[in-house]
Amino acid sequence: MKQRIFTLRQGIEEGTVALEKAGVEDAARDAWYLLEYVTGIGRASYYGEPDRAISEETALRYQECIRRRKERIPLQHITGEQEFMGFPFYVNEHVLIPRQDTETLVEEAVKAVRRKAKDAEGFSLAERKIRVLDMCTGSGCILLSILKMCPDAEGKGCDISKDALAVARKNGERLRVAAQWICSDLFEGFKETEVKYDVIISNPPYIPTADIEGLQDEVRLHDPRIALDGGEDGLYFYRRIIEDGVSYMKTGGILLFEIGCGQGKDVSELMESHGFEDVTVKKDLSGLDRVAAGIYTGGSVCAGGFL
Ligand code: GLN
């Protein structure tokens, strides 16, 4: 990649080779994305005129993108964007890049919110609002997608990182969604007067500390470690969110977690031992356990399942 690139075709070819040599998976796909990112030219118009010249300035910008990607900087940190639930999210190095697996969690949450909204039909407008809390919100992708899809919901996103919340806030503005944001170490900054929630949702850090070294470079070196590290057994945040979260849940409220593979049994048991009923584990598109959810009954009798 030392010589200058002058046509789109050269850009794709040389970019792909450079990324392949650096051991980047999906080298051709990433070269495409980056070329499209700097030129604004998609595949369809590329094939119309593959030998179209690009300016030296654009070529240099593209080479710089390829150079960064060779260092295993994730594509999304270079382009600043990741699509999630069909919505574009701004991302940077302060937030976990939204994963497709997490869409399974959002789909379940949307079902839960819609069900709650249906139950609330006939109540006044204020009483009908379904209150959603997204704990460890990061880019805000979970909360904002739910609020986009559920007009009956209002929500708050919480994160320990101010830098992450700046990203979440920016995403709320870009998507024109009104949400509240709070910087707090889990529930520590919550007041006793805090409202109780109908739905609490979280994709907390859940990778056991010792497993982090085995993750691919893009994740290990560039996703924020505090968004990954779930403590020695990976369950630290589930324990704290379940133990403290019950004080902020309405009876009949729903708690939904993203879980890592193999954590379904442990997380379900934790929920069951803290007053949750109808605890279910749902698999993602790859067939791995991905979501644990249950209804908070506070020990009282529960009115039926929801998933
Ligand atoms: N699912 C993410 C990964 O595989 C981790 C997300 C998390 O810890 N919450 O890297």
Side-chain angles (χ1 to χ4, degrees), residues 24-26 30 72-77 81-85 89 91-109 132-146 157-161 163-165 167-168 171 184-187 199-242 244-245 255-268 270-271 281-293:
V24 171
E25 249 180 71
D26 283 330
D30 288 8
R72 298 304 187 88
I73 296 174
L75 190 69
Q76 298 87 338
H77 285 180
E81 197 162 289
Q82 171 64 48
E83 194 188 275
F84 180 79
M85 296 302 292
F89 285 92
V91 294
N92 65 18
E93 68 277 16
H94 299 300
V95 298
L96 188 84
I97 296 168
R99 314 287 210 250
Q100 201 189 5
D101 297 330
T102 305
E103 295 189 344
T104 306
L105 175 70
V106 172
E107 280 157 15
E108 291 308 312
V132 181
L133 173 68
D134 177 16
M135 188 48 92
C136 311
T137 193
S139 66
C141 68
I142 295 174
L143 179 69
L144 294 171
S145 300
I146 295 171
C158 173
D159 206 283
I160 193 171
S161 157
D163 291 329
L165 286 174
V167 174
N171 278 320
S184 165
D185 180 4
L186 303 178
F187 292 96
V199 175
I200 298 183
I201 185 162
S202 182
N203 173 17
Y206 58 66
I207 314 265
T209 308
D211 293 356
I212 292 180
E213 285 317 303
L215 300 176
Q216 64 178 131
D217 285 356
E218 281 82 348
V219 179
R220 183 172 63 89
L221 303 176
H222 298 286
D223 271 319
R225 185 146 304 212
I226 56 163
L228 298 170
D229 192 341
E232 201 177 333
D233 63 0
L235 300 172
Y236 174 80
F237 290 93
Y238 298 113
R239 282 191 199 94
R240 282 192 61 193
I241 293 170
I242 293 169
D244 298 342
L255 176 64
L256 301 105
F257 282 121
E258 175 165 319
I259 54 171
C261 61
Q263 293 176 327
K265 185 166 174 287
D266 288 332
V267 175
S268 310
L270 273 170
M271 289 175 74
V281 172
K282 188 160 164 100
K283 293 187 191 307
D284 62 19
L285 295 172
S286 336
L288 301 171
D289 287 352
R290 186 58 63 189
V291 175

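Atoms within a ligand are numbered from 1 in the order they appear, just like the ligands themselves.
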Item to check | Side-chain donor-acceptor pair present, Asp229, Thr209, cut-off under 3.5 Å | outcome: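 Looking only at side-chain atoms, Thr209 and Asp229 do form a donor-acceptor pair, the distance falling under 3.5 Å.
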Checklist entry - Thr102 and Glu258: side-chain donor and acceptor closer than 3.5 Å? => result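 The answer is yes; a qualifying pair exists.
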Checklist entry - Taking atom NE2 of His77 and atom CZ of Arg72, what is their separation to the nearest 0.5 Å? => result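 So the gap between those two atoms works out to 15.0 Å.
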Checklist entry - Hey, which residues fall under 4.0 Å of ligand 1 on heavy atoms? => result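 Protein residues near ligand 1 are Leu96, Arg99, Asn203, Pro204, Pro205, Tyr206, Ile207, Val219, Ala227, Leu228, Glu258.
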Next on the checklist: Can you confirm whether or not the ring centre of Tyr206 sits under 6.0 Å from the ring centre of Phe237?
Outcome noted: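 Between Phe237 and Tyr206, which both carry aromatic rings, the centre distance is not below 6.0 Å.
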Item to check | Short N-O contact, Lys283 and Asp101, less than 4.0 angstrom | outcome: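 Asp101 and Lys283: not salt-bridged.
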Item to check | Pair Asp233 + Arg239: basic N to acidic O under 4.0 Å | outcome: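 Between Arg239 and Asp233 there is a salt bridge, with a charged N closer than 4.0 Å to a carboxylate O.
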